[in-house]
Amino acid sequence: MKTLREVPVGGNCRVVRLHGEGAVKRRIMDMGLTKGVEVHVRKVAPLGDPIELTVRGYELSIRKGDAETVEVE
């Protein structure tokens, strides 16, 4: 299983599955990270947190803990 956190800067991937429970999973889905969506990793902060993404034509920053709950291919 590969997670969003493991995608290198400049890499593209597709969301396969969201792990997590309840409010955490709902928040990630509300940000646009849903099954089948294309994601481009733009930047990673020097200490690895947060990660800046391009999703559905807009920029999004998420914590590395949240990125670990997103399974990608």
Side-chain angles (χ1 to χ4, degrees):
M1 176 182 93
K2 183 177 179 182
T3 65
L4 186 56
R5 184 170 179 220
E6 298 167 10
V7 178
V9 174
N12 293 315
C13 59
R14 182 179 304 273
V15 176
V16 175
R17 183 170 179 224
L18 297 174
H19 298 275
E21 301 288 324
V24 174
K25 185 175 181 180
R26 175 88 265 167
R27 189 178 81 237
I28 291 171
M29 290 176 70
D30 288 344
M31 289 188 282
L33 289 170
T34 57
K35 184 177 177 181
V37 76
E38 283 284 329
V39 178
H40 173 74
V41 179
R42 292 178 35 96
K43 297 180 198 173
V44 176
L47 297 176
D49 199 19
I51 300 169
E52 188 174 306
L53 312 169
T54 300
V55 181
R56 300 178 187 254
Y58 65 92
E59 295 176 6
L60 171 68
S61 293
I62 64 170
R63 296 178 292 197
K64 63 183 174 183
D66 292 339
E68 290 175 345
T69 66
V70 181
E71 183 179 341
V72 298
E73 63 179 6

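Side-chain atoms are counted along with the backbone in the values below, which use heavy atoms only and exclude waters and symmetry mates.
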Rounded distance (nearest 0.5 Å) linking atom CD1 of Ile51 with atom CD of Glu68 | 8.0 Å

Report yes if the side chains of Leu4 and Asp66 come closer than 4.5 Å at any heavy-atom pair, otherwise no.
-> no

Looking only at heavy atoms, the pair that brings Met1 and His19 closest together is SD-NE2, 3.3 Å

With side chains defined as the heavy atoms from C-beta onward, is the minimum distance between Thr54 and Val39 less than 4.5 Å?
-> no

Please name the residue in the list Val7, Ile28, Leu53 that meets the side-chain contact (heavy atoms from CB on, under 4.5 Å) test with Val70.
-> Ile28

Side-chain polar contacts of residues 40-48 - donor-acceptor pairs under 3.5 angstrom, sequence neighbours left out - could you list them?
{"residue": "His40", "atom": "ND1", "partner": "Asn12", "partner atom": "OD1", "Å": "2.7"}
{"residue": "Arg42", "atom": "NE", "partner": "Glu52", "partner atom": "OE2", "Å": "2.9"}
{"residue": "Arg42", "atom": "NH2", "partner": "Glu52", "partner atom": "OE2", "Å": "3.3"}

Quick check: are there more than 12 heavy atoms from other residues, nucleotides or ligands sitting under 6.0 Å from CZ of Arg63?
-> no

With sequence neighbours left out, which residue pairs that include part of residues 10-24 fulfil the salt bridge (Lys or Arg N to Asp or Glu O under 4.0 Å) condition?
-> Arg14-Glu38

Rounding to 0.5 Å, atoms OG1 (Thr69) and CZ (Arg5) come to a distance of 12.0 Å

Name every donor-acceptor pair, under 3.5 Å, that has one atom in a side chain of residues 29-37 and the other anywhere in the protein, sequence neighbours excluded.
{"residue": "Asp30", "atom": "OD1", "partner": "Arg26", "partner atom": "NE", "Å": "3.4"}
{"residue": "Thr34", "atom": "OG1", "partner": "Arg56", "partner atom": "NH2", "Å": "2.5"}

Going hydrophobic residue to hydrophobic residue with side-chain gaps under 4.5 angstrom, can you get from Val9 over to Val55?
-> yes

